[in-house]
Amino acid sequence: MLFEEISSSAPQFFSLAPLIVFFPIIGLLINTFFGGKILQSGPAGEKIVGWIASAAAGLAFVVSVLLAISLINYHDGMKVPLVEWIHIDALKLNWAFQVDTLSVTMMLVVSGVGTLIHIYAIGYMHEDVRHHGDPSRFRRFFVFMNLFIAAMMILVSSDNYLMLFVGWEGVGLCSFLLIGFWYDKGEGGIANAMAAKKAFVTNRIGDFGFLLAAFIMFTSFRSLDFDIVFGRVVEVNAIYPGAIFAITAFMLLGVAGKSAQIPLYVWLPDAMAGPTPVSALIHAATMVTAGVYLVARSSALYVAAPEAQALVALTGAATALFAATIAIAQFDIKKVLAYSTISQLGFMVAAVGMGAFAAGIFHLVTHAFFKALLFLSAGSVIQGLERGHHHLEHDPKLKKLVKQEHHFDPQDMRNMGGLRTKMKTTYIVYMVGTLALAGLFPFAGFWSKDEILAEAAHLNPTAYGLLTAAAFMTAFYMGRQIWMVFFGKPRSPAAEHAQESPPVMTIPLIILAILSALGGFMNLPFKGFHQFSHWLEQTSENFHAGEFVLSVALLSTALALLAIAVSWWLYMRRAAKLEALPAAKRPDDPLRQILGPLFTWMNNKWYIDELYWAAILNRYVDLARFLADYVDWRFWHDWVHDRLLVKGYNLLSRLLSVHIDLGGIDAFANGLASTTQRLAASLRRLQTGFVRNYALSIFLGVVIIIGYLVLR
């Protein structure tokens, strides 16, 4: 669809589009230049800094709502130009904001969920900076968060691929900064920094694919502008038959990096090194969905390349199942959610790969609700245990219990249990998020996940089988998490004394829980109720509404209930029996006793990281050592530098100094001097000092001259 440039006849809210970027930038600038003084003003300083950042994100949300209102009556969308950027020959790109239903949907998700996470972070970071012993970093955190919102808004509002790539790289930078926020913490004092570097390097591999796609695109289409590219798909496909497949295939590499798909998913679990609000904002609700948005935005290209579509669909479905198998065996509460995120992203990628673009974006929106809710709730659980542990340290009667927890890990679910009575609000909202993720009726995940499964059953049976298995495992590992965290007896003194989080943290959780429960009703799969799909159809006819398939819904619901029942049997009934065994014989997980070595493989992430180290990273290290030792040191330093250059220089210097300078130039100069000396010695004999000799010489000279003249 072609988009008109903004005109006087268009709704005036469209002209506000640049503010979705500038409001977060204004917020980060205020905190950058004045946040330090605000923090020094007193106990309320932190709240002021946090609310400035939250207000900046909130104002971006308000603008997004106004843009959505404008689109209700102005369906064709609008381009809002800001400045000219690159005009070189055929390449003419501006910084302009593309306001259509797809971009505004992403704006609403990023700014809406982002604002709630900002507010939650005010309470979370107040304790987190003190737990890590550096309250001065409070301001830096919110500066980075606002920067992320600004970069993500650039990404989703761009009207061309190059400007989209600017935002793409911007969120990559923010991810690096926020994952490594506590860069001097973690195992060995470098673990968090290494996690940030891992995310950065892995995403650069994906970004290389994005760039290759952009280069081929410009070569084929002579443009990177969405309207021009999508308008010339049929023409270019006829002239360059393989170009569109190459573009979409390389684009998939970028998607795999940003949206954590096979084989580039390995960075996202380690990204949990960042504070929990980072996990919720960047690695659950927004940044990792950028790849899904890219495929949806490029729907015209993917529809023209069925082979690429099939590749995307199978990549997403395989990732969904593979990540789910790993989540089953994790003990870190955030790692379970991290692999769950990878799995759910697989659902989205599979959907857009199959051509079910509306279903993929629908799941993207609902996933933002319930996965942000789960991550933030997990942060509430973690800090609840930390408060309990802190209480033990400062209560003289309980201080002796601290010795039992000298290796206490507040993120290990084996240290939890019984928290439903200690943290009732967190328990309730966590249950809502779990039921939504498990895909149970009537929660949001049921509608969005089942729409993807229904589309898969019709379009790609292989993907349907993989996604159905992944859905079963999703319900199982979330049930496992609920039983381990909130039910049974407290398995540590910290869990026994855990405390609920403050309202500034729980209120955003309640709002997200409401969205997770009711968000699915925006796109009910019945005739006349496909409001969200019809909304997206205004951007492209490729965003068609899906159909409700009762058999698919009943099967997925039955499997989810069965998975939850199995998890209850294992982690409530069987776990209670295992408690009676001696500690030395008691397995750390009932599932380990059943699966044996298979559980160990899943717990160790199928040793993929080790495989990458053995096959790629260690080989890279070997290459680096070879280049450093043999090429740089032995060849370049020892042979080229020491032998060729130094010895050659010394030899040439000797030749020049001894043979040419001393033996040639100096010998010639010295010979002249010696000849002059000898000549002077001979002539000196003529200088006797007697006048008679000089008179005789003059007389003889006169005689010779006269004789010469006479003889002539």
Side-chain angles (χ1 to χ4, degrees), residues 1 3 71 77 98-110 152-153 155-161 163-165 167-168 171 206 210 213 217 226-227 229-230 233 244 247-249 251-261 285-306 308-313 315-317 319 344-368 448-449 451-452 455-456 459-460 463 522-523 530 532-546:
M1 182 181 293
F3 292 84
L71 284 172
Q98 179 146 315
V99 182
D100 60 16
T101 53
L102 177 58
S103 64
V104 170
T105 297
M106 295 298 296
M107 294 176 199
L108 290 168
V109 170
V110 172
M152 194 68 193
M153 287 300 198
L155 190 157
V156 301
S157 66
S158 301
D159 76 328
N160 63 79
Y161 282 101
M163 199 67 212
L164 187 152
F165 187 71
W168 186 277
V171 295
F210 191 121
M217 182 183 297
F226 292 154
D227 291 346
V229 170
F230 301 155
V233 168
I244 293 181
I247 292 168
T248 50
M251 206 175 277
L252 174 59
L253 183 59
V255 172
K258 197 67 71 182
S259 291
Q261 299 295 286
T286 53
M287 188 193 93
V288 291
T289 60
V292 181
Y293 168 75
L294 177 63
V295 177
R297 174 60 73 188
S298 307
S299 61
L301 294 173
Y302 278 95
V303 169
Q309 276 190 298
L311 184 60
V312 173
T315 298
T319 302
Q344 295 304 304
L345 288 168
F347 274 83
M348 300 175 212
V349 171
V352 295
M354 292 182 293
F357 299 104
I361 297 298
F362 181 33
H363 195 56
L364 182 155
V365 174
T366 61
H367 179 265
S448 60
K449 181 203 68 178
E451 186 169 337
I452 293 175
E455 293 278 6
L459 298 171
N460 193 321
M522 73 174 76
N523 197 45
H530 283 291
F532 185 70
S533 295
H534 294 325
W535 164 264
L536 292 176
E537 283 175 354
Q538 298 174 24
T539 293
S540 171
E541 60 185 10
N542 295 321
F543 289 84
H544 62 271

Side chains of [X] and [Y] in contact at under 4.5 Å (non-hydrogen atoms):
X      : Y      : answer
Leu294 : Lys258 : no
Val349 : Thr319 : no
Val255 : Val295 : yes
Phe347 : Ser448 : no
Phe210 : Leu164 : yes
Trp535 : Ile361 : no
Met106 : Val292 : no
Val352 : Tyr302 : no

message = For the residue pair His363 / Glu451, report whether a side-chain donor-acceptor contact shorter than 3.5 Å exists.
response = no

ask   = Will you find, in the side chains of Thr539 and Thr101, an N or O donor that is under 3.5 Å from an N or O acceptor?
value =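 On atom types as modelled, these side chains qualify, holding a pair under 3.5 Å.
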
query = In terms of ring plane angle, is the pair Phe226 and Tyr161 parallel, tilted or perpendicular, where the classes change at 30° and 60°?
reply =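 Ring orientation of Phe226 relative to Tyr161: perpendicular.
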
Which atoms form the tightest heavy-atom contact between [X] and [Y], and what is the distance?
X      : Y      : value
Phe362 : Met522 : CE1-CG, 3.7 Å
Gly355 : His544 : O-CE1, 3.3 Å
Ala463 : Ala456 : C-CB, 4.5 Å
Thr248 : Ala305 : OG1-CB, 3.8 Å
Gln261 : Gly316 : OE1-CA, 3.4 Å
Met287 : Val171 : SD-O, 3.4 Å

task = State the OG-CD distance between Ser259 and Gln344, to the nearest 0.5 angstrom.
result =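 Nearest 0.5 Å value for the OG-CD distance: 13.0 Å.
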
key: Spatial distance of atom OG (Ser157) from atom CG (Leu102) [nearest 0.5 Å]   =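 One gets 11.5 Å once the value is rounded to the nearest 0.5 Å.
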
request  = Return yes if some donor-acceptor pair links the side-chain N/O of Asn523 with the main-chain N/O of Ser533 below 3.5 Å, else return no.
outcome  = yes

request  = Kindly say whether Gly546 contributes a backbone atom to a donor-acceptor pair with the side chain of His530 at under 3.5 angstrom?
outcome  = yes

